[in-house]
Amino acid sequence: MAILFAANWKMHHGPEQAATFARAFKELTFPQPTRSIWFFPPATSIRTLALELDERPDVAIGAQDVHWEPSGAYTGALSIPLAQEAGATVALVGHSERRHLFGETDEETGRKVAALLDGGMRPLLCVGELADQRERGETEAVVRRQLDAGLAGVAEEDLPRVVIAYEPVWAIGTGKNATPDDAASVHAFLRSLVVDRGGPEDIAILYGGSVKPGNVLSFLVEDEIDGVLVGGASLTPESWTEIVGVGGGAAA
Ligand code: PGA
């Protein structure tokens, strides 16, 4: 299975910066069968990136969040059809910033995952525990609850289209990361839960939280870790190219 590299740009890079980034990225990399690259730009840059990277079979563009309703009076929200029309084929769901800064509930993540699959998009469902939950030994209970809620409305035959990211909240944007070993053991636990639901053993499970060029390989050498979800270190073409370069296609 190809390694999946996902870039979460959060609230950075409008259309002009996204276009400049995409042009540099195209010069620095070329498609490799050994890796897939997903970009999650701000909503206003989805279209630009989708057009700029249209000829890259290894690239998909995603939304950072979606609403489960296809249309209606939901000021500020992005529907799945609108994201698709802009060029998105994948979407993040339940990123820790949505959960902890914007109050997204477990139940809402489930609705979003189900609606994305119904609409023909692939969800990247994020789960992860807070620092105090880890200290209390609750990591498995927390990620189990988040996974169960996120997948509550997913039919068994749709599970292969779901991607999961394990992102310990205390490791996001902090420069701290779980050790590759710790992450791998949570990944193995998540994988067992997916298999219990009738899902595939080879479901893609990404690690996220302060991944950078200097440590990405230490995660990817773990069998349990199928890719990475990267925030800060995905923001410059140089750093991002270095990261995806470990997936086979070094700079051209
Ligand atoms: P970080 O963010 O790489 O900056 O820690 C990861 C994420 O929020 O997905």
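Below, all heavy atoms of this structure are taken into account, side chains as well, without hydrogens, waters or symmetry copies. As the structure lists them, so they are numbered: ligands from 1, and atoms in each ligand from 1.
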Answer yes when [X] and [Y] have at least one side-chain N-carboxylate O distance shorter than 4.0 Å, and no when they do not.
X: E52; Y: K26; value: yes
X: R191; Y: D226; value: yes
X: E108; Y: R98; value: no
X: D182; Y: R134; value: yes

Query raised in the report: So which residues get pulled into V163's cluster when ILVMFWY side chains under 4.5 Å apart are joined, directly or through others?
Result: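 V163 clusters with L4, W38, F40, V90, L92, L124, L206, L229.
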Which ligand 1 atoms, with their elements, are less than 4.0 angstrom from a heavy-atom of [X]?
X: E167; answer: 6 (C), 7 (C), 9 (O)
X: K10; answer: 2 (O), 7 (C), 8 (O)
X: N8; answer: 8 (O), 9 (O)
X: L229; answer: 9 (O)
X: H95; answer: 7 (C), 8 (O), 9 (O)
X: G209; answer: 5 (O)

**Report entry** Identity and separation of the nearest protein heavy atom to atom 3 (O) of ligand 1
**Finding:**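 The protein heavy atom lying closest is G231 N, 2.8 Å.
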Requested in this report: Give the residue, atom name and distance (to 0.1 Å) of the protein heavy atom nearest atom 4 (O) of ligand 1.
Outcome: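 Going by distance alone, atom 4 (O) of ligand 1 is nearest to G232 N, 2.9 Å.
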Report task. Answer yes or no: is there a side-chain heavy-atom contact under 4.5 Å between V186 and E140? Result ->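 Not in contact.
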Query raised in the report: Counting only N and O atoms by type, is there a donor-acceptor contact under 3.5 Å from the side chain of H13 to the main-chain atoms of L235?
Result: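 Checking the backbone N and O of L235 against the side chain of H13, a donor-acceptor pair under 3.5 Å is found.
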**Report entry** contact_flag G173 ligand 1 heavy-atom lt 4.0 Å
**Finding:**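 Within the 4.0 Å threshold, so yes.
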